[in-house]
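Each remark here refers to the structure printed beneath this line.
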Amino acid sequence: MAYEPKKEFVQRPDSGTLKPQTSKFGPNSPDFWGEIAVNLKDMTNIKIENGLTIIPISGWKKRDPQGKAFLSLAVKRTVPKQEGETYSRQPIRQEDDFGDKDMPF
């Protein structure tokens, strides 16, 4: 098998990751760390309420190439409903056990 160099990571707009913290320095240290890149130039469909910008996010449980668990994140921009339109979300699947003791959810 030929050696394939790793692809360079390119941050996509409105996406990010959360990874488990490997070392904690005190009881208030975070359990997870990460970042999300939000395109602030495009504020369409972002809800502002009481002076606060509300940015809903979604997350997917994934594993990196070394098998470590992390959450992949995405901004869910609110799309206003058209008059008379109905929308129902049905869960595709539910898993209670991610199979990783480091991921408590």
Side-chain angles (χ1 to χ4, degrees):
M1 181 175 202
Y3 170 76
E4 293 183 32
K6 288 184 178 181
K7 291 187 209 176
E8 184 178 327
F9 176 76
V10 177
Q11 182 73 52
R12 293 186 326 262
D14 293 346
S15 68
T17 59
L18 276 178
K19 299 175 183 178
Q21 182 72 343
T22 56
S23 57
K24 294 182 66 115
F25 300 102
N28 293 332
S29 294
D31 295 318
F32 297 88
W33 63 275
E35 58 186 27
I36 189 163
V38 179
N39 180 0
L40 294 178
K41 291 181 182 177
D42 177 12
M43 292 300 286
T44 57
N45 299 328
I46 295 291
K47 182 179 176 183
I48 297 177
E49 194 172 274
N50 298 325
L52 299 173
T53 303
I54 310 298
I55 303 176
I57 59 174
S58 300
W60 294 265
K61 296 180 258 188
K62 294 188 175 186
R63 294 197 179 273
D64 68 14
Q66 290 77 35
K68 294 180 182 176
F70 70 96
L71 288 177
S72 175
L73 303 174
V75 169
K76 182 180 184 314
R77 292 183 180 265
T78 305
V79 178
K81 279 187 177 180
Q82 300 296 322
E83 189 174 327
E85 180 180 343
T86 60
Y87 179 72
S88 173
R89 292 182 62 175
Q90 299 294 325
I92 296 173
R93 65 180 177 151
Q94 290 184 332
E95 291 182 17
D96 294 330
D97 185 9
F98 186 47
D100 189 328
K101 302 230 185 296
D102 293 334
M103 300 287 281
F105 41 85

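No hydrogens, no waters, no symmetry mates; every other heavy atom, side chains included, goes into these values. One-based numbering along the sequence shown.
Evaluation of the side chain to side chain contact (heavy atoms under 4.5 Å, CB included) rule for T53 yields M43, I46, I48, I55 as partners, not counting sequence neighbours. Scored by the side-chain hydrogen bond (donor to acceptor under 3.5 Å, both in side chains) test, N39 finds no partners at all (sequence neighbours excluded).
Here the closest heavy-atom approach between residue A37 and residue Q11 is recorded as CB-CG, 3.5 Å.
Within the 4.5 Å cutoff, no side-chain heavy atoms of K62 are placed close to those of L71.
If you take OG on S15 and CD1 on I36, they are separated by 7.0 Å, rounding to the nearest 0.5 Å. To the nearest 0.5 Å, the span separating CD on E35 from OG1 on T17 amounts to 6.5 Å.
In this structure a side-chain-to-backbone donor-acceptor pair under 3.5 Å is present from D64 to Q66.
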In residues 18-27, what donor-acceptor pairs under 3.5 Å come from side-chain atoms, sequence neighbours left out?
residue	atom	partner	partner atom	Å
Q21	NE2	S23	O	3.2
K24	NZ	S29	O	2.7
K24	NZ	D31	OD1	2.7

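In the hydrophobic clustering of this structure, W33 does not group with V38; members are Ile, Leu, Val, Met, Phe, Trp, Tyr whose side-chain heavy atoms approach within less than 4.5 Å, directly or through other members.
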